[in-house]
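Please read all numbers here as calculations on a predicted model, not as lab measurements.
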Amino acid sequence: MAKLRGTAVAGGLSGSAGPVVFVRARGGGTVVRDRTFPRDPKSPAQLEWRGLVARAAALWRTLTPEQAELWHDYAEAVGDGREGAPPNASGLFIGLAAKVWQVDPQASPPLEPPAQAFLGDGLSVSASGEPGAVRFVASGQNSAGVVTELLLQSLASRLARPQKGRDRHRGFAAFAPGSLTATVQARPGAYAASVRFVRAATGQASALVRC
């Protein structure tokens, strides 16, 4: 059966059926398009993160007006990380609280904004492939209260460039003397490895650093 792309249909049909989606056209009628399915839409890591975000959103709703006002002021001062977007106090709070719980599910996220900026940690990390795994090696130990988030991005080939926003969380490491390596399991293939540093108590994270 041939696939339909951009086929006009009379009437006002909308919704989806099997492999196609019906979309209302701007000038009237309906356009039939191939239905696309997100890649791995419900992986364990994605479901875990969504649960943490929902938990953090519920915590936001318990703040006092005074606490919320502090977060609004904080958002005005630092922005919410999205270029060209207006500051979003709830988004900042939820992102930081969810990150705190991602590091330690039993922790208590701060109900007030961080008092200091966080730029990262004073060590470098390299990565290499092993059978069924990627090995991260740190040049030194993490600072007190800081952990290293380990991320991988699957590539089409070893010559492909990593794409922004496609790095996936694979765990945390607390590098210390005598424990400067961490290994994450990975299926055979090509990967881009990266890290970012996270202040565990506040959820603040550095920019992504390619290994």
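Hydrophobic clustering keeps Val198 apart from Val53 (ILVMFWY residues linked when any side-chain heavy atoms are closer than 4.5 Å, directly or through intermediates). At a threshold of 4.5 Å between side-chain heavy atoms, the hydrophobic network of Ile, Leu, Val, Met, Phe, Trp and Tyr places Val147 and Val100 in two separate groups. Hydrophobic clustering (side-chain heavy atoms under 4.5 Å, transitive across Ile, Leu, Val, Met, Phe, Trp, Tyr) keeps Leu155 apart from Leu208.
Considering all non-hydrogen atoms of both residues, Arg196 and Leu151 come closest at NH2-CD2, 3.7 Å. Val134 and Ala186 make their closest contact through CG2-CB, 4.3 Å (heavy atoms, listed as atom of the first residue, atom of the second, distance). Of all heavy-atom pairs spanning Ala190 and Arg158, the tightest one is CB-N, 3.6 Å. Across every non-hydrogen atom of Trp49 and Ala98, the tightest pair is CH2-CB, 3.6 Å. Of all the heavy atoms in Ala200 and Val103, the pair that sits closest is CB-CG1, 4.0 Å. Here the closest heavy-atom approach between residue Ala182 and residue Leu150 is recorded as CB-CD1, 3.9 Å.
Side chain to side chain, Arg199 and Gln204 meet the donor-acceptor criterion of an N or O pair below 3.5 Å.
A donor-acceptor contact shorter than 3.5 Å is absent between the side chain of Ser124 and the backbone of Ser139. Gln153 places a side-chain N or O within donor-acceptor distance of the main-chain N or O of Gln163, the cut-off being under 3.5 Å. Without hydrogens or angle criteria, Arg55 side chain to Ala97 main chain gives no donor-acceptor distance under 3.5 Å.
Here the options are Val195, Asp167, Val125, the test is side-chain contact (heavy atoms from CB on, under 4.5 Å), and the partner is Arg210; only Asp167 passes.
Thr202 places none of its side-chain heavy atoms less than 4.5 Å from the side chain of Leu96. At least one side-chain heavy atom of Arg135 sits less than 4.5 Å from a side-chain heavy atom of Thr183. A 4.5 Å side-chain heavy-atom check between Val146 and Phe175 finds every atom pair outside the cut-off.
If you take CD on Glu149 and CZ on Phe172, they are separated by 4.5 Å, rounding to the nearest 0.5 Å. His72 contributes atom NE2, which lies 6.0 Å from atom CD of Glu69 (distance to the nearest 0.5 angstrom). Atom CG of Leu180 is separated from atom CZ of Phe136 by 14.5 Å, given to the nearest 0.5 angstrom. Note: Thr148 OG1 to Leu123 CG = 5.5 Å, rounded to the nearest 0.5 Å. Leu59 CG to Trp101 CH2: the interatomic distance, rounded to the nearest 0.5 Å, is 4.5 Å. The structure places CZ of Phe197 at 8.0 Å from CZ of Phe118, a figure rounded to the nearest 0.5 Å.
When the shell of 6.0 Å around CD of Gln116 is examined, it contains 12 or fewer heavy atoms from other residues, nucleotides or ligands. By the neighbour-count criterion of 12 heavy atoms within 6.0 Å, atom CG of Leu159 is densely surrounded, having more than that number from other residues, nucleotides or ligands.
Ring geometry for Trp71 against Phe93 counts as perpendicular: the plane angle is over 60°, on a 0 to 90° scale with 30° as the lower cut.
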